[in-house]
Number of protein chains: 2
Amino acid sequence: MAHESEAIEALKKALRRLPGIGPKAAQRIAFHLLGRDRATAKDIARALEHAVARVGHCRLCNNFSETEVCGICVSPRRDSGLLCVVESPADLVSLEQSGAFTGTYFVLMGRLSPLEGIGPDQIGIPKLQNRLESGAVREVILATNATVEGEATAHYISEIARHHGLLATRIAYGVPVGGELEYIDRGTLAKAFSGRREA
Amino acid sequence: MAHESEAIEALKKALRRLPGIGPKAAQRIAFHLLGRDRATAKDIARALEHAVARVGHCRLCNNFSETEVCGICVSPRRDSGLLCVVESPADLVSLEQSGAFTGTYFVLMGRLSPLEGIGPDQIGIPKLQNRLESGAVREVILATNATVEGEATAHYISEIARHHGLLATRIAYGVPVGGELEYIDRGTLAKAFSGRREA
């Protein structure tokens with residue numbers, strides 16, 4: 001398109017850098033905003049700049065936070081003896097929405113991945129060690145993903161926890177609630193059997 | 001999430017207003033930008049503000065343009081006697097990419113939709129009439145979508161064209177190239193038969 005506006009081309013190109021947004025979606029978003037919703041375009045621009053300027057990481061749990069210590073870490077209603085380690089802020093949001101956990105978190109912002117050059121320093125392990133050394137934690141609950149890299153990360157952190165004399169546990173993996181055995185993959189079924197408990 | 005950063009909440013809320021972006025995708029985008037790609041966040045904010053400030057509509061064809069008259073309308077290589085009417089800038093992009101058309105365009109930025117309160121004035125019909133009165137156009141090619149509203153819009157504009165003594169044509173609808181009859185819907189097959197030509 002030799003004739004297209006440079007400003008629109010630049011906008012499409014910037015939008016294509018978003019996760020899950022291909023060339024067609026970038027164009028649809030750009031045209032929608034310019035054609036029908038310029039107020040939203042301005043609001044998004046402002047929200048992006050505001051968030052980039054304001055949001056840092058919590059000194060204790062490493063999650064996104066606008067304050068030095070986040071709302072969860074500072075809350076007196078959370079049990080700081082239980083430390084749940086997750087890979088991402090999205091995982092933390094899912095756990096919070098489930099209401100299943102009332103302890104505190106540590107957010108790795110990634111998982112160990114030697115192939116991608118992501119080692120312990122890149123996922124905040126030194127910060128996690130400081131947290132464990134502080135003495136408040138009694139149990140480290142490993143809630144990394146059930147992938148090869150998530151398992152390796154959980155194993156690595158469990159070794160660190162044990163080195164600090166702390167209990168390290170892994171969340172349970174098995175058949176999801178409502179799941180029908182017929183449609184569940186072999187790996188999950190194997191986990192469900194190896195993790196069986198007395199009924 | 002009582003504990004989440006207000007700046008992140010505001011960003012997710014703004015992103016959810018984009019077409020095709022639900023709550024999960026908005027969260028994924030927000031966390032991705034803040035966690036790994038703050039440069040992209042800043043670039044998108046700048047590109048949005050720049051585009052909103054710079055991009056208006058071409059005085060002749062109504063497409064997005066940074067200049068009073070767009071690159072296609074101003075080009076001496078385009079046949080200004082042929083005027084192709086499309087619903088949206090995205091349709092124009094598709095036609096340009098096909099290379100099938102070397103005339104000029106008129107972009108309605110919508111289609112007639114009485115139920116949504118979109119009448120002739122909302123889709124730039126007065127601007128189109130000025131264009132037809134200028135005398136340069138000899139054929140109006142109706143390339144609105146093959147939907148009920150697109151057909152009604154094409155019919156309405158064809159009446160205007162005839163009122164100006166101009167030839168009005170509709171692009172052909174039928175079996176797409178590579179299409180197998182077995183999998184083509186009845187409406188398209190009916191169009192393909194009614195539009196048959198001598199082989």
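Numbered from 1 within each chain, the chains take letters A, B, ... in sequence-line order.
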- Task: Report yes or no: does A:Arg16 contribute a side-chain atom to a donor-acceptor pair with the main-chain N or O of A:Pro23 at less than 3.5 Å?
- Result: no
- Query: Closest approach of B:Ile184 and B:Pro176, non-hydrogen atoms and distance?
  - Reply: CD1-CD, 3.8 Å
- Item | Region of B:Leu33 in contact with chain A, defined by heavy-atom distances below 4.5 Å | side chain
- Note on the structure: Heavy atoms of B:Gln122 and B:Gly117 approach each other most closely as OE1-O, 3.7 Å
- Query: If you count heavy-atom pairs under 4.5 Å between each of B:Met109, B:His32, B:Lys24, B:Lys42 and chain A, which one has the most?
  - Reply: B:His32
- Query: So which of B:Ala41, B:Ala47, B:Pro19 has the biggest tally of heavy-atom pairs under 4.5 Å with chain A?
  - Reply: B:Pro19
- Message: Is a donor from one side chain sitting under 3.5 angstrom from an acceptor on the other, for B:Ser94 and B:Asp91?
- Response: no
- Message: Which atoms of B:Lys13 are under 4.5 Å from chain A, going by heavy atoms: the side chain, the backbone, both sets, or neither?
- Response: neither
- Item | Most chain B-contacting option - heavy-atom pairs closer than 4.5 Å, from A:Ile29, A:Val55, A:Ile21 | A:Val55
- Between B:Val52 and A:Arg38 the two heavy atoms that sit nearest each other are O-NH1, 3.2 Å
- Contact leader toward chain A among B:Glu49, B:Arg54, B:His57, B:Arg46, where contacts are heavy-atom pairs under 4.5 Å: B:Glu49
- Given A:Leu15, A:Val74, A:Thr40, the one with more heavy-atom pairs under 4.5 angstrom with chain B than any other is A:Thr40
- Query: So, does A:Arg78 use its side chain to make a donor-acceptor pair with the main chain of A:Cys73 at under 3.5 Å?
  - Reply: no
- Message: Just so I understand: if I count every heavy-atom pair under 4.5 Å between each of B:Pro89, B:Ala10, B:Ala53, B:Gly110 and chain A, which residue has the most?
- Response: B:Pro89
